[in-house]
Amino acid sequence: MLLSQHASAMRPLNVYLVVYISLVFGTLQALSEDFCIFRMTLRNFRVILSWELRNHSIVPTHYTLWYTIMSKPEDMKVVKDCTEVTGSFCDLTNVWESMPETYVPRVVAFRGNTTLVSCTSRESIFPGINMSLEPPNFEIVGFTDHIKVIVKFPPVIPKILRGEGLHVYLSLVIEEVSGGIIKKHKPKINAKTITGNFTYVIDNLIPNTNHCVSVYFEHSDVGKIIESPTKCTLLKPGQESESSESAKIGGLITMFLILVVFISTIVILQHTGYICLKNKFPKVLNFYNFSAWVFAELPPLEAVALLEVIHVKRKKKVWDYNYDDESDSDNEATPRTNAGGYTMHGLTGRPLCPASGSSSTVEDCCDPDAEETDLPEPEAECESLMAPGPGPWPPECTSEADEGRGTRLEDRFSEEDGSSTEGSGDRIIFNVDLNSVFVRVLDDNSEVPPELSLPEDSTELEDPNETETNLLVASGGGTQPSFPVECLWSEDSPSETSDTSESDVDTRDGYITR
Amino acid sequence: MSAKAGVIQKCLWLVCLVGLFIPHILSLDCNSLDFHLRRLTWQNLRFLNSMSNSFPVECLRESKAFELPKEILSYTQPLKRDIRETFYEISKQAFNIFSRYAFQSIWEEKHLRQIQIGLDQQLQYLEQCLTEEEKENEDMKQMEKDEGKHPGAMVSQLSNLNLKRYFRRIGIFLKDKKFSHCAREIVRLEIIRCFYYFLRFTAPPRRK
């Protein structure tokens with residue numbers, strides 16, 4: 001009775017114990033072989049397998065990755081590069097190289113030397129369908145009307161993509177967004193030949209607009225994508241650049257036209273004579289002679305002598321065809337002018353010499369204490385009598401001193417001429433540039449004025465019909481006339497060659513004209 | 001009754017419209033059929049991949065190498081007609097395999113129906129394209145066959161024979177494993193691999 005009662009009591013306990021053990025055993029088994037969440041990703045053209053334990057309370061220190069394929073009955077193989085790794089991911093670029101293959105991975109988690117868990121994938125991994133495609137790295141360069149997209153490809157494409165053909169598995173998509181409009185560009189890429197960066201140009205864009213570009217991989221016919229970060233750029237304003245260029249060109253053309261017009265205007269004015277008249281000066285007037293500047297020669301001093309012209313009014317002598325009377329021509333005081341506009345001044349003068357027969361020079365005659373009172377300015381006369389050059393006066397002058405006590409330089413024709421004369425009453429005092437006036441020298445005896453030799457710088461302006469007589473000329477600049485500079489110029493003395501009383505006009509009487 | 005009649009009328013209109021378009025779709029050129037075939041193949045691949053939510057690790061012990069023909073593995077530049085014929089054979093065999101599946105659950109039944117429908121569509125596309133090409137090249141094939149200048153025909157016959165042997169091995173495997181879960185999983189993965197190889201043949205031409 002008691003045994004049966006004990007047996008009946010032991011049966012539920014056994015059952016409970018068996019159940020408890022089986023549960024514990026099952027739990028242990030579940031822990032040892034669990035499912036992990038595996039993710040296969042193509043990141044920067046690297047095949048990356050990452051995993052995540054379902055039980056987050058388990059924190060292992062390192063992992064070891066195993067795998068096998070379904071097409072061949074093979075045991076699990078350990079990945080050498082993913083043995084005892086601390087991170088929960090592994091690079092399988094050089095391990096999983098076949099796209100149509102089905103891979104079954106297994107991860108064993110450790111903590112130290114203790115195996116915490118061994119997990120496999122709930123689903124087999126088929127890269128053609130299960131591998132996620134992360135977007136590649138890219139750069140964009142914005143221009144005026146186009147954008148250059150540079151997609152960074154590795155030097156060598158992974159074999160998993162090369163073997164099956166990249167275009168079969170995925171396609172590169174370059175998405176361009178502008179103004180709410182999305183445009184997709186799908187350039188074809190040959191995975192077997194592409195090396196390095198891949199450049200794609202998005203053209204026919206509107207300048208001065210903002211464009212955003214996104215690059216990502218799209219799974220062929222599956223449509224699964226992973227969005228990529230968008231990069232935006234503002235295109236350069238094309239109109240401004242074009243307008244600036246056109247403005248520059250227009251400005252250059254305008255400046256060129258203005259310059260051409262200006263130059264042509266100047267040339268025309270020059271040819272017509274309005275500007276830049278050519279000055280063909282004679283050599284004597286060429287003052288830009290450098291040698292003359294360097295070795296400048298002093299201009300010849302103007303022989304200026306102070307003359308006192310004593311104007312004597314004389315009546316005009318009317319010749320009555322009578323050769324008997326020889327009237328005094330002293331009354332003639334009408335100045336004559338030639339057609340050339342020159343004012344003829346006839347100067348008469350007598351040397352002022354002392355009464356003694358001494359051979360005193362004119363200087364002696366020009367003693368200011370001379371008794372001659374009619375000569376208020378004997379010094380001036382003396383100065384006028386005196387040649388500017390060296391050398392004494394000819395001694396003839398002294399011989400004439402006996403005839404008179406002084407000389408008077410009389411200008412018969414300067415009665416009304418006051419431009420270069422000064423004087424009061426009958427006296428005219430003016431400064432005469434002896435190199436610029438005509439001079440006739442009268443001879444005392446023959447009363448024929450000897451011919452004079454003109455200075456070298458005198459010009460020839462001969463007008464024998466119009467020149468007047470009694471022009472005093474004196475040599476300047478050191479030249480000394482060879483003639484006796486007779487102090488008396490008298491028109492009274494008729495010349496032999498003159499037929500009329502107006503022979504003074506005739507230059508043939510000895511006048512030297514320019 | 002009136003509501004049901006209205007629904008039937010609407011369905012009839014839809015069926016008529018679909019019926020008008022189906023011949024047009026099926027009469028498309030083989031080049032455009034390749035596009036549809038490629039799209040359909042990818043769809044079937046997704047169906048096959050999602051058919052099982054887990055792969056038992058213990059099934060790895062029962063895996064078997066069915067030895068897919070090397071002509072398919074090392075496909076380079078075969079004639080298009082040959083490859084269409086090959087894929088037609090693959091699709092037909094796969095359809096037969098999945099038709100003999102024993103439904104284990106409602107989930108599997110739903111996915112199997114999708115696979116069967118997809119495979120049936122593949123077969124229709126291929127039949128249409130092959131029939132048209134056969135009519136056009138019938139004379140040429142006769143001439144080349146007489147002259148023996150068509151080595152590709154021998155290759156295609158050989159590849160089809162190897163392909164039939166390949167699927168026969170799969171059938172025998174299923175029978176031996178009595179259509180176990182692991183056997184079906186292994187066969188499912190093998191068909192996925194076979195379909196993916198075919199996708200390389202139907203890849204769109206590269207744009208220059």
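Just so we're on the same page: letters track the sequence lines, and every chain starts at 1. These figures come from a predicted structure and were not determined experimentally.
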Point-to-point distance, once rounded to the nearest 0.5 Å, from [atom1] of [X] to [atom2] of [Y]:
| X | Y | atom1 | atom2 | answer |
| --- | --- | --- | --- | --- |
| B:Leu189 | A:Tyr103 | CG | OH | 13.5 Å |
| A:Met70 | B:Ile192 | CE | CD1 | 10.0 Å |
| A:Glu74 | B:Ser63 | CD | OG | 8.5 Å |

Has [X] got more than 12 heavy atoms of other residues, nucleotides or ligands less than 6.0 Å from its [atom1]?
| X | atom1 | answer |
| --- | --- | --- |
| A:Asp203 | CG | yes |
| A:Arg46 | CZ | yes |
| A:Phe89 | CZ | no |
| A:Arg39 | CZ | no |

Practice problem: Step by step, work out the side-chain contact (heavy atoms from CB on, under 4.5 Å) result for B:Arg193 and A:Thr102. | Solution: CA-CA 8 Å; B:Arg193 178 166 171 259; A:Thr102 301; 5.5 Å; no
Practice problem: Please state whether the side chain, the backbone, both or neither of A:Thr68 comes within less than 4.5 Å of a heavy atom of chain B. | Solution: side chain
Quiz item: Name the one of A:Thr120, A:Val104, A:Ile69 that satisfies side-chain contact (heavy atoms from CB on, under 4.5 Å) with B:Leu60?
Solution: A:Val104
Practice problem: Go through the steps to decide whether A:Ile129 and B:Trp42 satisfy the test side-chain contact (heavy atoms from CB on, under 4.5 Å), and finish with yes or no. | Solution: CA-CA 9 Å; A:Ile129 296 176; B:Trp42 268 112; 4.1 Å; yes
Exercise. Over all heavy atoms of both residues, which pair between B:Tyr196 and A:Gly128 is shortest? Give the atoms and the distance, please.
Key: CE1-CA, 4.1 Å
